[in-house]
Amino acid sequence: MRLAAALVASGLVSAGATATATAAVTTDAPPYRGGATATLDGLKTYGQAVVREDGGTRRIPAGLFQMSVDNGGTLQTYCVDIHNPTQKDAQYKETPWSGTSLHANADAGKIRWILQHSYPQVNDLAELARKAGAPSLTEETAAAGTQVAIWRYSDKARVEAVDPRAEKLADYLQRSARRAPEPKAALTLEPPAVAGHPGQRLGPVTVRTDADSVAVIPPADSTSGVKVVGRNGKPVTTASDGSELYFAVPKNTPDGMASLDVQTSTTVPVGRAFTAETRSQTQILAGSSESTVSATATAHWAAEGAIPALSAEKNCAARGLDITASNKGDAPFTFSLMNTKHTIKAGQTRTVTIPLQEDQPYDFTITGPAGFEKRFQGVLDCRTEGSVTGVGSKAQPAPQPSPASAGGTSGGADLAATGGSNATPLIAGIAIALVVVGGGAVFLLRKKDAPVGPAPTQAPDGSEK
């Protein structure tokens with residue numbers, strides 16, 4: 001059975017992809033292994049810093065961002081990509097370090113140590129000032145000093161806090177930092193996709209959480225008769241760490257798909273990374289209120305033939321997107337990606353890496369037998385902006401991020417300082433067409449660079465006018 005895969009250009013829907021789907025139950029949302037999803041509100045508590053590069057200086061804001069968690073809660077974050085722009089109302093998802101610029105950063109653990117030993121985790125500012133050798137600290141200077149110390153490790157940037165007290169804190173944190181391990185997500189489901197035949201229990205899907213319990217939300221389509229059950233076969237509405245969940249699919253159920261969600265309210269561990277669905281600065285968690293975290297798992301069943309289960313995860317080490325495909329059917333599952341044919345035998349699981357360009361938005365739908373359909377979208381952001389582009393196209397964080405856009409950034413003057421002279425907005429597109437064997441569908445991989453906005457002028461002391 002061949003898999004038809006189509007990459008949908010941002011904002012468009014591939015007619016070829018939708019035409020191949022049958023009347024069976026389908027899902028557009030990819031399974032999400034778990035964590036918090038949030039919307040960027042903006043830079044809320046901050047001071048000023050000066051970046052020194054190529055013989056010049058420029059002043060930028062430095063401090064704490066705030067995010068609103070979907071379904072309740074607030075996050076405080078610092079950024080770990082000093083030159084990448086932010087986008088107002090950008091949607092963020094909790095992401096393992098392996099899917100961010102921290103994946104190859106030997107000092108990523110030191111960044112987590114800084115987060116654990118500075119503001120806002122440490123809110124005794126008098127004691128923090130004493131340790132740093134500063135006469136005093138405010139919330140703004142503490143946030144600025146902490147961000148500066150993080151940038152020195154995340155971006156290897158030559159950056160200093162403008163306020164001497166904040167600079168004292170930055171030096172203390174940089175000097176004192178020790179490596180700490182990456183924190184685990186507060187909630188995950190493993191694996192995020194399962195498959196099998198009707199009349200069976202499909203799974204198990206194992207719950208991993210640091211919360212006492214999580215709510216289990218069954219498939220929305222109750223008419224199918226599919227239930228979420230535990231190891232004993234009885235329906236479940238709550239679960240805990242280590243619980244095994246199954247999709248109980250009645251015999252003779254028409255071929256189709258279903259999903260389950262688990263959800264709880266907890267504090268997100270400090271040091272968890274957040275990446276945007278569009279091009280916007282990668283963030284790292286500094287503080288969390290009681291927040292809603294969730295995870296999704298999907299199931300696909302069919303009476304005969306290939307029965308695929310697909311999940312995806314960013315792999316920055318391989319500079320691409322890992323698609324893990326298993327086949328629980330009784331026939332081979334054959335598909336082509338990037339002009340390469342892949343065959344998954346019955347009972348086999350394989351991972352296929354789709355190579356992508358840095359900052360490249362992707363949005364593609366994979367369809368298969370019995371109405372199988374899975375959509376994956378996001379942006380590959382695996383390196384800090386300073387390691388990718390020259391000074392002439394670097395952007396700076398801003399107190400009020402630019403409006404969010406699909407796959408690019410706004411050229412608003414409140415967002416980006418280029419470090420050079422004024423320039424007209426520029427959007428560069430790189431498209432690679434890859435024909436899927438036997439499917440008649442096309443991958444369209446499009447890269448959009450951020451438009452370059454006007455740079456602020458500088459006074460002789462390096463401050464902006």
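What's counted below: heavy atoms across the whole structure, side chains too, no hydrogens, waters or symmetry copies.
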Is there a salt bridge (charged side-chain N to carboxylate O under 4.0 Å, His left out) between D171 and R152 once you walk through the steps?
CA-CA 10 Å; D171 289 343; R152 291 174 182 175; 2.8 Å; yes
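Considering only heavy atoms from C-beta on, V50 comes within 4.5 Å of V162 through its side chain. Here the side chains of N315 and L321 are not in contact, with every heavy-atom distance at 4.5 Å or above. Side chains of I60 and R58 form a contact here, defined as non-hydrogen atoms less than 4.5 Å apart. Under the 4.5 Å side-chain criterion, counting only non-hydrogen atoms from C-beta, R272 is not in contact with T77. The side-chain heavy atoms of E313 and P96, taken from C-beta on, include a pair separated by under 4.5 Å. Looking at heavy atoms from C-beta onward, D70 lies out of side-chain contact with T292 at the 4.5 angstrom threshold. Looking at heavy atoms from C-beta onward, D381 lies out of side-chain contact with R279 at the 4.5 angstrom threshold.
Every residue was checked against the ring-ring contact (aromatic ring centres under 6.0 Å, His included) condition with H103, not counting sequence neighbours, and none meets it.
E190 and R208 are not joined by a salt bridge, as no carboxylate oxygen comes within less than 4.0 angstrom of a charged side-chain nitrogen. Of the charged side-chain nitrogens involved, none lies within less than 4.0 Å of a carboxylate oxygen, so that D41 and K88 do not count as a salt-bridged pair.
The backbone N or O of I82 lies less than 3.5 Å from a partner atom in the side chain of D155, making a donor-acceptor pair.
Once rounded to the nearest 0.5 Å, the distance linking CE of M67 with CG of L285 reads 8.5 Å.
The residue from K44, Q281, Q76 that alone fulfils the side chain to side chain contact (heavy atoms under 4.5 Å, CB included) condition with F65 is Q281.
Environment of NZ in K168: sparse, with no more than 12 heavy atoms of neighbouring residues, nucleotides or ligands closer than 6.0 Å.
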